Amino acid sequence: MRTAIIAIRNRLDRAGIVLSGLCAIHCVLGVFFVGFLGLGGEVLLAPEVHRIGLALALVVGIVSLGFGALRHGRVGPLVVGGIGLALMAAAIAVGHGLAESILTIVGVALVALAHIRNLHRAH
């Protein structure tokens, strides 16, 4: 049972890393397509996409980083991930533009780093 829980948490950490990467790619491509080419704004800049992404990041982050902190006793990954998630939430609040892109990219980088650190602490 314990091995299964660890495997699930590890998969969630890996999913968190993938989601962070996808979010960063979405952000960069959104700036490129909308800003430089004037294409895809109705899809790439849709508030629903950002809210759903943040909701997924929150669920995966809280579960995997929270359980990781309980298991290995180190709160560093949880704190770094929490800061990253807060920056991602702030990005939604500031609206579209350069500030949103910077907050999002820094936020997802911190969340990915937290998941990586959490995976390393598990072993």
Side-chain angles (χ1 to χ4, degrees):
M1 176 73 170
R2 183 177 176 156
T3 305
I5 292 171
I6 292 170
I8 291 169
R9 201 201 76 240
N10 287 346
R11 283 190 195 109
L12 284 173
D13 278 322
R14 288 182 178 87
I17 295 166
V18 170
L19 286 172
S20 295
L22 290 174
C23 185
I25 290 168
H26 166 82
C27 188
V28 171
L29 287 180
V31 169
F32 176 76
F33 281 118
V34 176
F36 295 116
L37 302 178
L39 301 171
E42 64 280 348
V43 174
L44 292 172
L45 301 178
E48 296 79 24
V49 171
H50 298 115
R51 288 187 197 120
I52 291 168
L54 179 60
L56 284 171
L58 283 168
V59 169
V60 171
I62 290 169
V63 171
S64 64
L65 297 173
F67 281 131
L70 290 173
R71 182 168 185 279
H72 51 64
R74 297 194 174 101
V75 295
L78 182 61
V79 170
V80 170
I83 292 168
L85 291 167
L87 291 174
M88 291 170 62
I92 290 176
V94 300
H96 300 300
L98 182 60
E100 176 198 25
S101 296
I102 292 170
L103 287 168
T104 300
I105 290 171
V106 172
V108 298
L110 288 174
V111 170
L113 175 65
H115 284 293
I116 291 167
R117 300 282 299 178
N118 203 44
L119 278 171
H120 287 235
R121 299 279 187 208
H123 301 292

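Predicted model, so just to flag it, every value in this text is computed and none were measured.
- At distances below 3.5 Å, at least one donor-acceptor pair connects side-chain atoms of Asn118 with backbone N or O atoms of Ser64.
- Here Leu113 is tied into one hydrophobic group with Val75, Val79, Val80, Ile83, Leu87, Val94, Leu98, Ile102, Leu103, Val106, Leu110, each link being a pair of ILVMFWY side chains closer than 4.5 Å.
- Atom CD1 in Ile105 sits 12.0 Å away from atom OG in Ser20 (nearest 0.5 Å).
- The structure places CG of Leu12 at 9.5 Å from CG of Leu65, a figure rounded to the nearest 0.5 Å.
- For Met88 against Ala57, the heavy-atom pair with the smallest separation is CE-CB, 3.8 Å.
- To the nearest 0.5 Å, atom CZ of residue Arg14 and atom CG of residue Leu19 are 14.0 Å apart.
- Between Arg74 atom CZ and His120 atom NE2 the span is 13.0 Å, to the nearest 0.5 Å.
- Residues Ile92 and Leu58 are members of one and the same hydrophobic cluster, defined by side-chain heavy-atom contacts under 4.5 angstrom among Ile, Leu, Val, Met, Phe, Trp and Tyr.
- Residues Pro77 and Ala114 approach most closely at O-CB, 3.1 Å, considering heavy atoms.
- Separation of atoms CG (Leu85) and CG (Leu54) is listed at 7.0 Å; rounding is to 0.5 Å.
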